[in-house]
There are 2 protein chains.
Amino acid sequence: MRPTSSAETFPANTPAASQVFTAVLSHGPLARLEVSRRVGLSPAAVTKAVRPLIEAGYLVEGADEEARPALGRPANLVRVDGGRALFIGVKVTGDEIIGVLTDLCCRVRVARHLPLPDRDPRTVLSGIAELVEQLLAETDGPAAPVLGLGIAVSGDVDRGEGTVRYSPFLEWRDVPLAELAAMTTGLPVTVDNDVRALTVAEQWFGAGAGLTDFAVVTVGAGIGCGLVVHGRVVAGAHGVAGEIGHVTVDPAGPLCHCGNRGCVEAIAGEAAIVRQVHEATGVRLTHPGEALALAREGVAGAREVYARAGEAIGRGIATVANLLGPERVIISGEGLAAYDLFAEQIRDAFVTAAFGSAAQCDVRTRPLPFEEWARGAAATAIQSFITPDTSR
Amino acid sequence: MRPTSSAETFPANTPAASQVFTAVLSHGPLARLEVSRRVGLSPAAVTKAVRPLIEAGYLVEGADEEARPALGRPANLVRVDGGRALFIGVKVTGDEIIGVLTDLCCRVRVARHLPLPDRDPRTVLSGIAELVEQLLAETDGPAAPVLGLGIAVSGDVDRGEGTVRYSPFLEWRDVPLAELAAMTTGLPVTVDNDVRALTVAEQWFGAGAGLTDFAVVTVGAGIGCGLVVHGRVVAGAHGVAGEIGHVTVDPAGPLCHCGNRGCVEAIAGEAAIVRQVHEATGVRLTHPGEALALAREGVAGAREVYARAGEAIGRGIATVANLLGPERVIISGEGLAAYDLFAEQIRDAFVTAAFGSAAQCDVRTRPLPFEEWARGAAATAIQSFITPDTSR
DNA sequence: GGGATTCTTTTCCGACGTCAATAAAAGAAG
DNA sequence: CTTCTTTTATTGACGTCGGAAAAGAATCCC
């Protein structure tokens, strides 16, 4: 399967180079002096760090439009040449694999689906290989090589080892996915938890850029949460972290599949909403979209279900804010399709349950295209390429 | 007030020196090679970092008892000379100031109380000055100078600035406490939130030594929580963090002073327990200890109050574990006096509400002598002395 | 064409940490 | 008793990285 030869690596593996590059990556075209201010290096150090990056083609000088300052020598802006390198991100779900081809700036170029007949690791692996093959065919040529493959899987994933320790959804245990995928594709592979991958994408390329403490809350089939504290994504000592979906918001609430009562997910998860709408309206629902349709039509029982879901999510976010005091919480996920139905309740519940100035936390939403999860996987690959270690 | 002259500083302000010293401080006598393994430096670097520290007297060679390995050259253990320097820690509560004199290893030598007639910053400041004066009098002489003063205050404290931004308990706003105390005492002053200070003490000298991710939960008048993530104490973007006391565990629960319902603190805080025991038994209680006494006597209503309190605390801890996945949770605080009355409930509620392997988190208790809060303050002073910046 | 101002680069230098070699301190083996 | 093995500690050469200061560059304003 395609020799893929070289294994091109990032020049200058010094922390300073990574910092400088990351700053330029996250904050668009920047003057060297501005970079120096941001990362706390001397201007001279920035000049020296930038040079090899320009020589290698990762950075280029000159921006499209330079907003001239009134005084002094105009800045010589530096930006990342997105087209210099490509990455592939893959998200494995229960019934399909989604893959994207992105550039170095994590902009999606091509997105592809592949249905998944079963969840056997071999099946998934060959599916990934096929998807990667398809995406590689979309490449421009050797000028923009594909430098990494990121794979996002739900569950307990050890990114350092590149193994899936336990994924209830896929029914996997201790699958050395990175190693296997590297063998079949010949690419450097990064494997991470799906929510953390999405969080990395937000941290580097999204609404978390420049923040050291924020949270990403995903609303969909499950309710997940990625946390960035002290500038680093929280992984958890035992493979569990960010389980906002299983924060209890009502000990008398509905039973959750985790065995507990009144988890956020048992109230606001997709399955829970469908079940509750059915109970409230008596309508038989065969598809999640139908619950949403009922609420949109104004059926009171359905609307109330969404309202309660919003309240649960708002409380969950308040819990995160009370414990960690993030600067921002970014709500995302497929569930945002129903955002208008519970936006108010999320906000109200958050403000009520947030303690003191935790309520100042900036809670915002971010629409999530279907390929966003795969893009998160690509972001982890880009991160691995630039900074070999997991740390900042 | 006592010139205090010199302002002795830590030699070698390089990160490596701090890391080496901290490792020796937290993990008793260590061989240089062992230090090198722990902090990831080369043996040569450790040798070079240790030398100036020995010359300055902070480290000494040779331990009391060296467990000889069977083979090879025996290690030349290095440990901190606790007596080389002293620190003062002060905790300001509503009605008194507690001060301790500790050595460099944060071992308490002397502890003193001082009643506080009112909460005016001037009164508190002169109280601190008096307490510091008393503790300075216990000093051995110039061989063991007092090198720092740590002050712990509840509320929103900016450690970097050394200001109390807002303390509801003291009714303070924007008091530049570090600056003021430095002027009156002539010592380098560190000001921090009380729970965070306690957490620093655990991180460096207690059950959190060597861990990068853990939590300290304090049970007492309030329910607080200090979090260490990625090896650093979480401060929160808006001055709020670790507010486990205001995590909602029962939306139908009793009203909390924060305006919300069913907070952990509204169920398990001291005032809440007293109120609930009164409601359950009808006995008029004039002192918190009486509630405990009733429960100890086996009065069913009182016991149930404690049981519910334990359940609330256990749920709160589970929430922390679900979100952050700490390696360990350390329960401490005056409320532990009643630990036998709710230990089981804490454990049960934790195990039930913890999601998946989050239940593997090591939850343990740690008795907390009354001067422990002040010791935490001293720990922050020691930390500031060794590492000028707040980071690791 | 001078300042004035701001951004960038150059040059020098010191600090720090690794590498590789060496020394040191034991017990084990013969 | 000598030599080998094993482990720990130290030394000094070397390279790298980042900072300080000064010079250079590019623009606007006067």
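Proteins come first, then strands; the chains are lettered A, B, ... in the order of their sequence lines, and each starts at number 1. Model, not experiment: these values are computed from the prediction.
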Q | Rounded interatomic separation in angstrom, taking CG from B:L33 and C1' from D:dT10 | A | 12 Å
Q. What is the distance from CG of A:L41 to C1' of D:dT16, rounded to the nearest Å?
A. 15 Å
**Q.** Minimum-distance nucleotide (side-chain atoms of A:A16 versus C:dA28, D:dG18, C:dT8)
**A.** D:dG18
Q) Quick one: salt bridge (Lys or Arg N to Asp or Glu O under 4.0 Å) pairs with a partner in residues 375-384 of chain A, sequence neighbours left out? A) A:E372-A:R375
Q.
So if I take residues 42-55 of chain B and measure heavy-atom distances to DNA chain C, which residues fall below 4.0 Å?
A. B:S42, B:A44, B:A45, B:K48
Q.
Using whole Å, what does the distance between atom C1' of nucleotide C:dC16 and atom CD of B:Q19 come to?
A. 13 Å
**Q.** Spacing of A:E61 atom CD relative to C:dC7 atom C1', expressed in whole Å
**A.** 12 Å
Q | Ring-face cation contact, A:F214 with A:R328, 6.0 Å cut, 45° max | A | no
Q | Donor + acceptor pair across side chains of B:T380, B:R196 (<3.5 Å) | A | no
Q. In terms of side-chain heavy atoms, does A:R232 have a donor or acceptor partner in A:Q203 at a distance below 3.5 Å?
A. no
Q: Nearest whole angstrom, please: distance from the P of C:dT10 to the CZ of A:R32.
A: 10 Å
Q: Return the value, rounded to whole Å, for the distance between atom CG of B:N76 and atom C1' of D:dT10.
A: 12 Å
Q. Starting at CZ of A:R37 and ending at P of C:dT6, how long is that distance when rounded to a whole Å?
A. 10 Å
Q.
Using whole Å, what does the distance between atom P of nucleotide D:dA26 and atom CZ of A:R73 come to?
A. 6 Å
Q) Among A:L53, A:I54, A:T47, whose side chain to side chain contact (heavy atoms under 4.5 Å, CB included) with A:V50 holds? A) A:I54
Q.
Within this structure, what is the CG-CH2 distance for the pair B:L25 and B:W204, rounded to the nearest 0.5 Å?
A. 6.5 Å
Q | Distance below 4.0 Å between A:S36 side-chain N/O and D:dG18 OP1 or OP2 | A | no
